[in-house]
Structures are given as structure tokens and as C-alpha cells.
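The structure appears right after this line, and notes come after that.
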Amino acid sequence: MLLKLLWSYFRIGVMNELAYRANFLVQMFQSLFSLGTSLAGLAVVFSQTSNLAGWRPAELVAVLGVYTLMGGVINLVIQPSMQRLMEDVRLGTLDFSLTKPVDSQVLESVQQVQIWRLADVAMGIVLLVLALGNLGTQVGPGEALVFGLMLLCGAAIVYSFWLMLATCSFWFVKVDNILVIFQTMYEAGRWPVTIYPGWLRFTLTFLVPVAFAITVPAEAVSGRLGWGTLVGAVALAAALVAFSRWFWLTGVRHYSGASA
Amino acid sequence: MSFAFGPESIRVRDLRKVYRVHEREAGLLASVRSLVRRRWREIPAVDGITFSVAPGEVVGFLGPNGAGKTTTLKMLSGLLYPSSGELEVLGFVPWRREREFLRQIALVMGQRNQLAWDIPAIDSFELNRVIYRISRADFRRMLDELAELLELWPLLHKPIRNLSLGERMKCEIAAALLHQPKVLFLDEPTIGLDVTAQRRIRSFVAEYNRRYGATVLLTSHYMADVEALCRRVIVIHHGRLLYDGDLAGLVRSFSPHKLIEVEMEQGSPDLAGYGEVVSADEGRVTLRVPKHATAEVTARLLDEVPVTDLTVEDPPIEEVIEHVFSQEAR
């Protein structure tokens, strides 16, 4: 059902966007430009040194790849849907989702798809392939599996985080400002969080889960992931998915006056 | 909740909904103080109403703004949790929002849109097909029927934002009916529409009710909607049920006046002594008299004025409703 719904919204997104060709060009340009500046940044750093806090150039390209890929997934469906959710609460149109015979969390989570962001997903994959080629290490099925799992966990953690933020709008009608903070924090993820000072590393790991979304999968692909981190990421993802679900249900109960 | 199984599609008993609202005083200091210590006030939006609706009935919900109509509708459709009382729709407890229940109801709100702004209606319809798990064949059949009745064919492939308000409302209604709901909640479906569009929607709702035997609960500020569609009306005011019965009965029980229209051969003598003169044209005068004095005034008029024709009528429904709402709830 989830996939069917996602596909329906995806179809709508495609048809919707095909109507605006200019928008397509702008989006492509934006994606390429942002990728270009990131790569230029890397080039500047590595013209001074051959390793950054233990990360080699190719590994940082892998980080950038995951950053671009995950950012693409977030902007493809998570962020636009969550923004719609907050608007639905504000305008009262959430009522329509709540009276549909589908899980309202699912419905609200996939209801808006910005298909051009697939370009970022594709670029992220290209960067990853390039990075792996340069790293020279072989990625066996085991590593690929772990990498996939870490990506999935990262996406689940980011999604849960967004869902919790958006759910806050049941109590505080305007929470858009928090979203800006998230975007700024996410930008920091284009570098591995291990290069940052302690306080920032803490923030990026536990307050805004950029570390798990980007650095950990990148560690997996560059063969530096420890078992502890792997288990931690899986546990955190499971816990956050469960907690955000509970928080969402609490929010809906509050919305319908059942908690008062 | 325990009801004996009955034929009703909606049963409501002693239903209450109390909102807790944060009381804010004027002024900066008071605002700061309220950050720390909030004062709450309880406002009963629906204050103990009881009624039931049989399958296939079309019932009009009347009441001024803030009477509790929308709150009641939201409790019936499962959006709001009742503070107390019993509530059952199609044998389900609405607030549990079971899928089987939600598949059989529809909610249309004139003030809010469910259709996405930038895409054509047909795409949103397709989305509802997936959500309600309607088979392609059923979907096609229902779409044909709705498009025919509502004259939707030219609208389906235009983005919603390019449609007029009336056209948009027709699409909204169609979207809500694709899954053939057995119970339909219409919250001011004709608000802001021109007279033609209103009439179109009215006759459509009547037709849908006739074809599918759906139960319809309708709130509207337009008496024309209610007069055209509802044999039965429920009047709520200040969250309480004031009247439940047919429209004619509403007028009988609530209007303290009658209108007497007097026609005369010529001239229009001053009839102010008989009652309040509502209108006076050449040869025709309309008087408003207290109901209990109707017989006496009529007799006097026939006796003392050269009357050629005389009719006694109930005042227009709008007037009666207005009169009811201008009084405090009893």
C-alpha cells in the first residue's frame, strides 16, 4: 500500500513537473552548481594537505556522495511532505487525511514529491561510484549490504527526526523556523562529522542526526565502520522510528481533543 | 458504548464536547504572565444533544455560527473525540477511525479543499481510487456517473487552480463520492457559490441520495439548501438541541407571528390598528399579528374593512430562524 501510494504521488509529481520545463532547467543547474562548489571545496582543501583528520580525498568524495544522495532523498519526498503536513495542520486540511481509510502518517509522509531531486540522488550515486573506483578497495556483497543498511538507517533517522519536528505543529502552530535550522545543520554534513570540534560533533550526532545520515554510511563504504557504530545506528533508527510513531499518534490525539 | 442494534445509521445520545481554551488577557504584562501561568476556560461547544438518523434520510443542521454544528459533524466523522455521551455511525464508534468505517463515509467542507491545487482533478481522483481501493471498473463507472450529473467533463483535465469556485466545489464533491459513501457529511457545501452553482449542487445531492440511498447530514447558512433538500431539520443553538422535526413544524412551533394579507377593492386604508404593517401597496396590505390573536384580528378585519380577499400565512422560514437565533437558548 505504501509503495502504491508513493507511486501514485510520484506519478502526479512527474506529470505536475513536466508542465514546467523552465523549472527543470533551474533545478538541474542548482544541483550541478551545488555539486561543483562542493568538489571545488574539496580541491582547495587537498591542495594544502593530503589527508583531513584521517580522511583521504577519495573517502571525502564518498562522504560528498552520501551527502548528495541523502539530501536528494530528503528533498525528494521527506521535506516537501513534512512541510505540507505542517500546512495541513495550520489550515485544517489534515481533516481530509484523517478521514481516509489509510494510515494518516503514511499518507502525510508521501503526499508531496519533488521529482527533480532525483537528479541529486543520481549525482550522489555517480560520486559514490567514482569514489569507490579511486579508493581501490573492493566492495564485496557484505560491504554493499552494510552500506545499504546504513543508508536505510540514516534515511529512517532523518525521516523520524523530520516527523517529530513537523508533529510539533500540533501544539505550536508555527514551527517553520526549526526547519531552517535543520537545513543549516545538514549543510555541515558535507564533511565527516569527525573533523568538527567536540561540541559540534555532539550536536550533529545527537541533536540533529547528520552524523548517522551521512558520515556513518560513508564510513561503511570506506571500510572504517566499527561494529559498535553499526549496531548503534540500527538501534537508534529502530528507536526513533518507534518514538516518532508514538509522538505522531499523540499529536493526532491532541488534535482531535482526545488527550484533553 | 452499548446500543441495542437498530436500523439507524446515526445514533447520538447526550453528546458533549467541551473545549479547553487558553484565556489571554490584553496587555503586554498580562501576556508575559500568561506564559508562566495559563488560565483555562471550559467552553461547551456541544452540550448534550440526542438524535438519530435513519438510513437514506437527508437532515439539515441549522444554527448560527458557533452553535456547534461543525463540532458535531467532526465528532460524527471521527475527527473529534467527544467529551462525553454516546455516538455511533453505521455501527462504528467514529473516533476509533476504523478503516471499514472511513471507507463508508465522506466529509465535504465548503471552506476547505482536499484537491491539490496544481494538478487536474482527474489525478486527485486517481489518488482517491488508490486510497479507497476502488477497482478500475467501479471507478470508471462512478466517474462517468458523477461527471455526467455534475457536468464535469470539461473540468477534469484542468488544474484546480484554474477553476472557478463553483467548478472546484463540484470536483470536491465528486472526489468525496467516488467510493460511494453510505453516509455523507456536508459542511456548508454551497458557501460562496452563485445561485446557479448552488442549485446545481443541491439537485445533485438530492439525486445522489435518491440513487444510492445515502444518509446525508448537511449544514448550511442558505435556507434554500435546506428547504430543497431536507424534510427534517435539527436546530442547535449554544450547543443545545432546540428543535428536531420537519420544516413546517419548525415554523409552527417557533414563529410567534402570522402574516395576514388583505386585499381590498380600492385604496389602502391605514390598518395599523390591527397589527404591524409589513407592506402596503395599492389595494393590498400585509399585517404581522401575534399568533394567538390571528382569529380575532381576522374576524375584525372581515367585519370592519371592505375586504375582497384575505389569506393567513406563516412567515418565511428565514425570518423564523432568525427569530429563534436572536433569542437565548431555552
Side-chain angles (χ1 to χ4, degrees), chain A residues 1-20 23 80-81 83-84 87-115 170-173 249-260, chain B residues 17-21 40 42 45 70-71 73-83 94-109 111-120 122-134 157 159 172 175-176 179 181 183 185 187:
Chain A
M1 189 65 191
L2 170 67
L3 288 178
K4 225 171 157 188
L5 263 179
L6 192 58
W7 170 244
S8 297
Y9 280 109
F10 190 77
R11 225 181 112 251
I12 285 177
V14 171
M15 288 187 297
N16 204 13
E17 291 295 327
L18 287 180
Y20 308 98
N23 196 29
S81 294
Q83 274 170 334
R84 256 285 292 281
E87 201 170 291
D88 282 343
V89 173
R90 197 167 54 82
L91 298 177
T93 36
L94 183 69
D95 290 356
F96 290 116
S97 298
L98 292 176
T99 47
K100 294 264 153 54
V102 189
D103 189 278
S104 49
Q105 182 187 331
V106 171
L107 198 57
E108 286 290 321
S109 298
V110 299
Q111 62 177 336
Q112 196 91 34
V113 180
Q114 285 180 353
I115 51 151
F170 284 115
W171 290 273
F172 315 105
V173 175
L249 291 175
T250 307
V252 171
R253 267 202 305 278
H254 174 79
Y255 182 81
S256 61
S259 61
Chain B
K17 177 71 190 176
V18 180
Y19 289 118
R20 260 179 99 219
V21 291
W40 297 91
E42 299 211 322
T70 302
T71 302
L73 233 49
K74 281 189 166 185
M75 283 194 276
L76 289 171
S77 53
L79 286 168
L80 281 179
Y81 188 92
S83 301
W95 59 262
R96 288 195 191 131
R97 287 204 292 274
E98 288 160 82
R99 306 247 159 111
E100 207 37 55
F101 166 68
L102 295 174
R103 237 191 291 277
Q104 298 181 56
I105 66 158
L107 174 68
V108 175
M109 292 181 276
Q111 315 249 42
R112 294 174 193 167
N113 302 93
Q114 71 160 320
L115 298 177
W117 196 241
D118 286 319
I119 62 175
I122 189 76
D123 293 331
S124 292
F125 289 0
E126 169 64 20
L127 208 57
N128 274 5
R129 188 189 73 76
V130 175
I131 289 171
Y132 285 100
R133 300 177 189 219
I134 308 167
H157 294 277
E172 284 281 334
H179 62 288
V183 176
F185 300 109
D187 193 11

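Computed over heavy atoms, backbone and side chain alike; hydrogens, waters and symmetry mates excluded. In what follows, every chain begins at residue 1, and chains take the letters A, B, ... in the order their sequences are listed.
For chain A, the option among Ile119(B), Leu102(B), Val130(B), Val18(B) with the highest count of heavy-atom pairs below 4.5 Å is Leu102(B).
The two residues Arg97(B) and Leu98(A) make their nearest non-hydrogen contact at CD-O, 3.0 Å. Here the closest non-hydrogen pair linking Ile131(B) and Val102(A) is CG2-CG2, 3.2 Å. Looking at every heavy atom in both residues, Leu80(B) comes nearest to Tyr255(A) through CD2-O, 4.2 Å. Nearest heavy-atom pair across Ser8(A) and Leu127(B) is CB-CD1, 3.4 Å. Taking every heavy atom of both residues into account, Lys17(B) and Ser256(A) meet most closely at NZ-O, 3.7 Å.
Heavy atoms closer than 4.5 Å to chain B are found in the side chain of Leu107(A), but not in its backbone. Contacts between Asn128(B) and chain A at a heavy-atom distance below 4.5 Å involve the side chain alone, from C-beta outward. Residue Arg11(A) touches chain B through its side chain alone, counting heavy-atom pairs closer than 4.5 Å. Residue contact with chain A, scored on non-hydrogen atoms closer than 4.5 Å, is absent for Arg129(B).
Of the inter-residue distances, the one linking His179(B) atom NE2 with Lys100(A) atom NZ reads 8.5 Å to the nearest 0.5 angstrom. Distance CG/Leu79(B) to CZ/Phe96(A): 9.5 Å, rounded to 0.5 Å.
The side chain to side chain donor-acceptor pair (under 3.5 Å) test with Arg112(B) singles out one residue from Thr93(A), Asp95(A), Asp88(A), and that residue is Asp95(A).
Side-chain contact check for Gln114(B) versus Thr99(A): every heavy-atom pair is 4.5 Å or farther apart.
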